[in-house]
Amino acid sequence: MTFALATVVAMYGAFMAVGWLASRKVRHGTAADLIVAGRQMPFWIAALTMTATWVDGGYLLGTTEAVYKDSTQLGLQGGLCFGISLILGGAFFADRMRRFGFTTLIDPFEARFGRRWAAVLALPAMAAELFWSAELLVAIGSTFGVLLGMDLARAILLSAIVTTAYTALGGMWSVAYTDVFQLALVALGLSAALPYVLDGAGGLSPAWHAYVATRPHSAGVIPPLAATAPAWTPAAIVGWWDVTLMLMCGGIPWNCYFQRVLSCRTPADARRQSVLAGVMTILFTVPPLLMGVAAFSYPWPADVVAQLSVSPADAMPLLFARAVPPVIGLFGLAAIVGAVTSSFSSSILSAGAMLSWNVVRRLVWPTLSVRWMAHLIRAAILILAVLATVMALRVRSVQALWFFTSDLVFVLLFPQLLAALFDAKANRIGSIAAFSTSAFLRFGAGEPLLGLPGFLHYGDQVPFRTLAAVAGLVLLPLVSRLTAPLDTPRPLRPMVPLQAGDAEAGR
């Protein structure tokens with residue numbers, strides 16, 4: 001126990017040291033330096049930090065959890081779909097965002113729809129970061145609880161304090177270089193532990209055949225086209241495709257994604273690093289998927305089986321605790337800690353950037369100095385960390401939080417981003433109509449994570465997430481064209497820093 005705690009302390013100390021050294025690359029202290037690394041991020045650093053951000057604790061633990069438990073949410077679904085989202089983002093969005101020189105995801109909304117409505121659209125973007133941060137705390141809390149013997153609540157609280165302190169180093173350069181170091185820990189930890197895990201389960205081939213024989217409905221890449229097995233009912237098939245579209249499209253409208261895109265030196269680099277990161281993200285799905293298969297076949301004692309029935313998110317940490325030598329288990333712990341801290345820092349920086357740049361600097365306080373923006377980012381870190389901790393203590397499923405974050409941005413922000421970037425006739429009235437309708441249709445289905453009861457009864461075979469997003473995609477251009485005489489569409493233009501007395505302030 002003492003050695004394990006010392007290892008954790010050493011890891012966090014290394015993260016702090018790397019972050020501090022990287023922060024010296026901030027030359028002028030401008031918003032561009034702090035938020036998008038002065039747009040000087042090398043190609044390989046950008047691709048690796050993008051991969052590290054997406055390969056988070058929820059990605060690792062959530063994939064193993066999905067494979068282990070009897071579920072029609074196939075284990076490949078999350079990692080594969082998020083990897084595809086990065087490829088789609090690189091193919092269609094990265095070049096255009098970087099070419100216009102935006103600073104955050106919210107900037108194109110401001111260019112098309114005005115500052116005030118853009119600040120409203122920033123709220124679900126920041127809320128998504130909040131839910132994602134909570135998912136990360138659940139992931140690392142579960143791991144510390146299993147490997148270090150802490151109860152979940154104490155582990156989550158400790159993790160929140162430590163990772164918040166690390167994130168307070170601030171700045172895109174610090175986040176990017178620590179991401180690279182942490183991604184190396186993920187690769188090393190998974191590579192070291194996987195052979196022992198598979199051997200303990202009887203070998204890869206026997207474990208896989210046992211899994212397929214018991215759960216044939218969970219062993220494919222995509223579900224059948226028709227209900228051919230008891231688990232794959234028509235409702236389950238529709239739900240799977242609904243979630244798949246949500247993950248692929250909902251993985252794009254994230255500020256932490258576009259921070260890396262906008263940090264690249266050229267639009268071509270932005271496009272290529274996003275595609276490369278998508279491929280690497282898909283490849284990183286394989287180790288946690290195989291660990292889920294091994295966890296299903298592993299000869300667990302009765303008390304562990306009971307624990308996993310209550311908290312299947314513990315499957316990977318339990319493998320590190322019981323199926324590998326202690327030293328290798330620490331490598332596994334390092335993998336999860338590295339995955340979580342890299343993404344947590346990205347999430348906090350992303351939320352702080354939107355709050356300080358799009359809400360305070362561009363709407364409330366145009367003359368805000370860089371020094372005060374840094375203070376605001378640190379304040380956002382503390383506020384988001386507290387709220388994420390509360391959410392993490394209430395929700396125990398890593399996979400549930402992991403999926404809901406993409407649900408939120410898919411329904412509310414994907415139609416807005418698509419129109420802002422590619423529809424020259426989109427206007428603010430159309431944006432408001434689309435956003436309101438999509439929110440009504442989505443939350444009308446209810447949301448168990450938030451304790452919201454449903455008031456629209458869709459039935460089991462209605463893909464309500466896709467329906468809500470499509471409603472926004474249709475309404476935004478339609479209403480914009482109908483209301484063009486009342487609200488003239490604005491051109492998409494590069495954003496420039498506000499100056500005191502700007503005639504457009506407050507629009």
Side-chain angles (χ1 to χ4, degrees), residues 31-32 35-36 39 85 88-125 249-271 274 350 353-354 357-359 361-363 366 409-410 412-435 438 469 472-499 502-507:
I35 298 173
V36 290
R39 306 194 195 279
S85 78
L88 292 175
F92 299 105
F93 294 87
D95 184 285
R96 191 164 177 82
M97 287 286 289
R98 178 62 184 86
R99 195 173 298 279
F100 274 88
F102 294 130
T103 302
T104 71
L105 163 70
I106 309 301
D107 282 358
F109 299 153
E110 179 179 332
R112 289 287 194 200
F113 311 133
R115 291 175 192 150
R116 292 180 179 176
W117 182 241
V120 174
L121 293 176
L123 296 179
C249 298
I252 296 172
W254 285 84
N255 190 51
C256 56
Y257 166 69
F258 283 112
Q259 273 191 297
R260 281 137 187 82
V261 165
L262 297 170
S263 296
C264 290
R265 293 171 175 170
T266 66
D269 276 358
R271 181 177 61 253
S274 184
S350 174
M354 288 185 286
W357 178 254
N358 295 106
V359 178
R361 174 73 185 275
R362 301 197 64 82
L363 182 63
V409 297
F410 171 53
L412 299 180
L413 296 182
F414 182 70
Q416 303 288 331
L417 181 63
L418 202 63
L421 289 180
F422 299 107
D423 185 1
K425 296 184 178 181
N427 67 13
R428 178 168 44 193
I429 296 177
S431 174
I432 293 172
F435 182 90
S438 293
L473 288 169
V474 172
L475 280 177
L476 205 159
L478 178 61
V479 174
S480 293
R481 283 157 176 77
L482 292 175
T483 60
L486 301 175
D487 185 10
T488 304
R490 307 180 186 193
L492 191 67
R493 65 187 188 280
M495 306 302 297
V496 295
L498 288 176
Q499 303 297 327
D502 190 333
E504 292 185 347
R507 286 188 63 188

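Residue numbers start at 1 and run along the sequence shown.
Taking 4.5 Å as the limit, some side-chain heavy atom of Arg39 sits within range of a side-chain heavy atom of Thr103. With a 4.5 Å cut-off on side-chain heavy atoms, Leu121 and Ser431 count as touching.
For Ala420, the side chain to side chain contact (heavy atoms under 4.5 Å, CB included) test picks out Pro108, Phe109, Arg112, Phe113, with sequence neighbours left out. Qualifying ring-ring contact (aromatic ring centres under 6.0 Å, His included) partners for Phe435, counting only residues two or more places apart in sequence or in other chains: Trp117. With sequence neighbours left out, Asp269 forms a side chain to side chain contact (heavy atoms under 4.5 Å, CB included) with Phe43, Cys264, Arg265, Thr266, Arg272. Evaluation of the ring-ring contact (aromatic ring centres under 6.0 Å, His included) rule for Phe93 yields Phe422 as partners, not counting sequence neighbours. Contacts of Arg96 classified as side-chain hydrogen bond (donor to acceptor under 3.5 Å, both in side chains), with partners at least two apart in sequence or in another chain: none. When the side-chain hydrogen bond (donor to acceptor under 3.5 Å, both in side chains) test is applied to Ser274, the partners found at least two apart in sequence or on another chain are Tyr257. Remark: Ser480 engages Ala426, Asn427, Leu476 in a side chain to side chain contact (heavy atoms under 4.5 Å, CB included) (not counting sequence neighbours).
The CG atom of Asp95 lies 5.0 Å from the CZ atom of Arg271; values are rounded to the nearest 0.5 Å. Rounding to the nearest 0.5 angstrom, the gap separating the CD1 atom in Ile252 from the CG atom in Leu105 is 11.5 Å. Once rounded to the nearest 0.5 Å, the distance linking CG of Asp107 with CZ of Arg493 reads 10.5 Å. Here Cys256 contributes atom SG and Arg260 contributes atom CZ; the two are 6.5 Å apart, rounded to the nearest 0.5 Å. Glu110 contributes atom CD, which lies 9.5 Å from atom CZ of Phe102 (distance to the nearest 0.5 angstrom).
Although no hydrogens or angles enter the test, the distance criterion places no donor-acceptor pair under 3.5 Å between the side chain of Asn255 and the main chain of Thr104. Here the side chain of Arg428 pairs no donor or acceptor atom with the backbone of Arg490 at under 3.5 angstrom.
The two residues Ala119 and Val359 make their nearest non-hydrogen contact at CB-CG2, 4.4 Å. Pro489 and Ala424 make their closest contact through CB-O, 3.6 Å (heavy atoms, listed as atom of the first residue, atom of the second, distance). Considering all non-hydrogen atoms of both residues, Ala469 and Pro415 come closest at O-CG, 3.5 Å. Closest approach of Val261 to Arg98, counting heavy atoms only: O-CD, 3.7 Å.
Here salt bridge (charged side-chain N to carboxylate O under 4.0 Å, His left out) pairs that include residues 413-427, with residues two or more places apart or in two chains, are Asp423-Arg481.
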Legend entry - Verdict with reasoning, Leu413 to Val409, per side chain to side chain contact (heavy atoms under 4.5 Å, CB included): CA-CA 5 Å; Leu413 296 182; Val409 297; 4.0 Å; yes
Could you walk me through whether Leu421 and Leu492 pass the side chain to side chain contact (heavy atoms under 4.5 Å, CB included) check? CA-CA 7 Å; Leu421 289 180; Leu492 191 67; 4.1 Å; yes
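A tilted orientation is assigned to the rings of Phe414 and Phe410, their planes being inclined by 30° to 60°.
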